[in-house]
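Below: the structure, in structure tokens.
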Amino acid sequence: SHELKTPLTVMHGELETELNERNLSATQRERLASQLDEIQRLTKIVDGLTLLTKADAGQIALKTEPLAFDEVVHDVFADAQILAKPVNICVTLDACEPTHIRGDRHRLRQLLLNLADNAIKYNHPGGTVNIALRRAGDATAQLTVTNTGAGIAAEILPHVFNRFFRGDASHNSVVVGCGLGLSIAQWITTAHHGSIEIRSVPSKQTTVTVCLPLAAEQPPA
């Protein structure tokens with residue numbers, strides 16, 4: 001994945017330069033734009049593989065600090081609403097209780113964005129995504145992301161965190177993805193001493209639940 005980064009960057013730059021040419025026909029612009037989309041998708045795959053490979057080797061150090069997890073959830077909720085608007089998906093924040101944890105803000109934001117993005121992409125037109133953050137007892141912050149998509153069959157659920165696994169090929173053929181988002185989400189959760197699980201009722205709803213330990217101390221104001 002490291003060796004692929006440079007040629008992909010070069011190809012991306014060349015395609016962008018060509019798209020800026022004024023004398024291109026509509027057909028040529030469409031073809032170049034399609035190629036640029038594929039380069040961006042490959043770049044995302046390479047970035048994901050690089051992250052997971054470094055994580056496997058213990059080369060990623062989390063920048064752990066006391067933080068208000070509910071603030072991160074509020075930020076991602078706002079971003080999710082923007083992502084969902086073009087595809088007519090309604091995103092709601094059912095609950096967002098004050099929760100303080102120790103963690104890496106950047107990685108936790110990445111975790112939540114991955115889950116929200118999946119919930120939006122794998123959904124019905126006009127469907128809903130519900131995000132909720134609650135305290136589960138005195139020691140756990142529980143985040144749930146629920147969507148109203150086609151759901152995940154019981155025989156597929158044990159494999160959803162496997163790298164490059166994307167479930168039913170016919171269902172995923174219209175969804176752009178690389179099959180690494182849930183693997184990355186699982187790594188981030190585990191690195192924060194938490195747990196992640198998915199439960200699904202096909203044709204009704206799918207819920208991802210992330211549990212993280214609460215911090216003993218409160219973050220500074």
Side-chain angles (χ1 to χ4, degrees), residues 48 51-52 55 60-124 126-152 157 160-161 177 180-201 204-221:
L51 172 64
L52 289 171
I60 298 180
L62 298 181
K63 297 180 180 178
T64 304
E65 61 179 347
L67 58 87
F69 192 38
D70 51 296
E71 292 180 0
V72 181
V73 173
H74 268 291
D75 288 345
V76 171
F77 167 62
D79 290 340
Q81 288 181 303
I82 295 171
L83 291 172
K85 188 174 182 179
V87 288
N88 193 29
I89 301 293
C90 176
V91 182
T92 61
L93 186 61
D94 184 53
C96 194
E97 298 179 2
T99 50
H100 301 104
I101 67 173
R102 289 190 62 84
D104 185 314
R105 182 181 294 271
H106 169 68
R107 294 301 178 192
L108 289 170
R109 179 179 171 80
Q110 183 181 15
L111 162 67
L112 300 188
L113 278 174
N114 275 354
L115 298 182
D117 186 47
N118 269 3
I120 293 166
K121 288 193 299 187
Y122 297 97
N123 212 325
H124 295 307
T128 62
V129 173
N130 178 264
I131 301 171
L133 175 65
R134 297 181 174 90
R135 296 171 68 97
D138 296 328
T140 304
Q142 183 182 78
L143 172 88
T144 58
V145 180
T146 303
N147 81 335
T148 54
I152 306 170
L157 273 175
V160 293
F161 293 107
L180 292 176
L182 285 178
S183 298
I184 292 172
Q186 185 182 50
W187 166 71
I188 295 172
T189 303
T190 302
H192 284 83
H193 309 290
S195 64
I196 181 171
E197 68 171 5
I198 300 180
R199 294 185 178 182
S200 184
V201 180
K204 290 188 178 181
Q205 69 177 32
T206 299
T207 300
V208 183
T209 302
V210 174
C211 293
L212 297 170
L214 291 170
E217 72 275 7
Q218 302 296 305

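All values derive from a computational prediction rather than experimental measurement.
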Nearest 0.5 Å please: distance from the NE2 atom of His193 over to the SG atom of Cys211.
15.0 Å

Between Gly181 and Asn114, the two heavy atoms sitting closest are O-ND2, 3.4 Å

Under 3.5 Å: donor-acceptor pair, side chain of His192, backbone of Thr64:
no

Sole residue of Thr209, Leu182, Thr207, Asn118 in side-chain contact (heavy atoms from CB on, under 4.5 Å) with Ile198
Leu182

Any side-chain heavy atom of Val72 sitting closer than 4.5 Å to one from Asp75?
no

Sub-4.5 Å side-chain heavy-atom contact between Leu93 and Val73:
yes

If you apply the rule side-chain contact (heavy atoms from CB on, under 4.5 Å), what do you find for Arg109 with Asp79, and how did you get there?
CA-CA 11 Å; Arg109 179 179 171 80; Asp79 290 340; 2.3 Å; yes

Thinking salt bridges, do Glu197 and Arg199 make one under a 4.0 Å N-O criterion?
yes

For Ile120, the option from Leu115, Val145, Val87 that meets side-chain contact (heavy atoms from CB on, under 4.5 Å)
Val87

Heavy-atom nearest pair, Pro86 first then Ile82, reads CD-O, 3.2 Å

As an exercise, state the distance from CG of Leu133 to CG of Asp70, rounded to the nearest 0.5 Å.
6.5 Å

Could you tell me whether the side chain of Asn147 and the main chain of Ala119 form a donor-acceptor pair under 3.5 Å?
yes

Hey, what do you get for CZ (Arg135) to CD (Gln142), rounding to the nearest 0.5 Å?
12.5 Å

Mark yes or no for whether Ser183, through its side chain, and Phe161, through its backbone, hold a donor-acceptor pair below 3.5 Å.
yes

Gap separating the CD atom of Gln81 from the OG1 atom of Thr92, nearest 0.5 angstrom
9.0 Å

Nearest-0.5 Å distance that lies between atom CG in Asp94 and atom CD1 in Ile131:
10.5 Å

For Ala141 and Ile101 the tightest heavy-atom approach is CB-CG2, 4.3 Å

Tell me whether the count of non-hydrogen atoms from other residues, nucleotides or ligands lying under 6.0 Å of CZ in Arg134 goes above 12.
yes

Would you say NE2 of His124 has more than 12 non-hydrogen atoms from neighbouring residues, nucleotides or ligands within 6.0 angstrom?
yes

Dump the intermediate steps for side-chain contact (heavy atoms from CB on, under 4.5 Å) on Arg107 and Leu51, then the final yes or no.
CA-CA 11 Å; Arg107 294 301 178 192; Leu51 172 64; 3.7 Å; yes

Can you check side-chain contact (heavy atoms from CB on, under 4.5 Å) on Leu212 and Thr99, steps first, answer last?
CA-CA 10 Å; Leu212 297 170; Thr99 50; over 6 Å; no

Minimum-distance pair of heavy atoms, taken over all atoms of Ile60 and Ala55
CD1-N, 3.8 Å

Distance (rounded to the nearest 0.5 Å) between Lys63 NZ and Arg105 CZ
13.0 Å

Closest contact, heavy atoms only, Ala80 versus Val91
O-CG2, 3.8 Å

Shortest non-hydrogen contact from Ser200 to Thr206?
OG-OG1, 2.8 Å

List the steps and the verdict of side-chain contact (heavy atoms from CB on, under 4.5 Å) for Ile89 and Thr148.
CA-CA 10 Å; Ile89 301 293; Thr148 54; over 6 Å; no

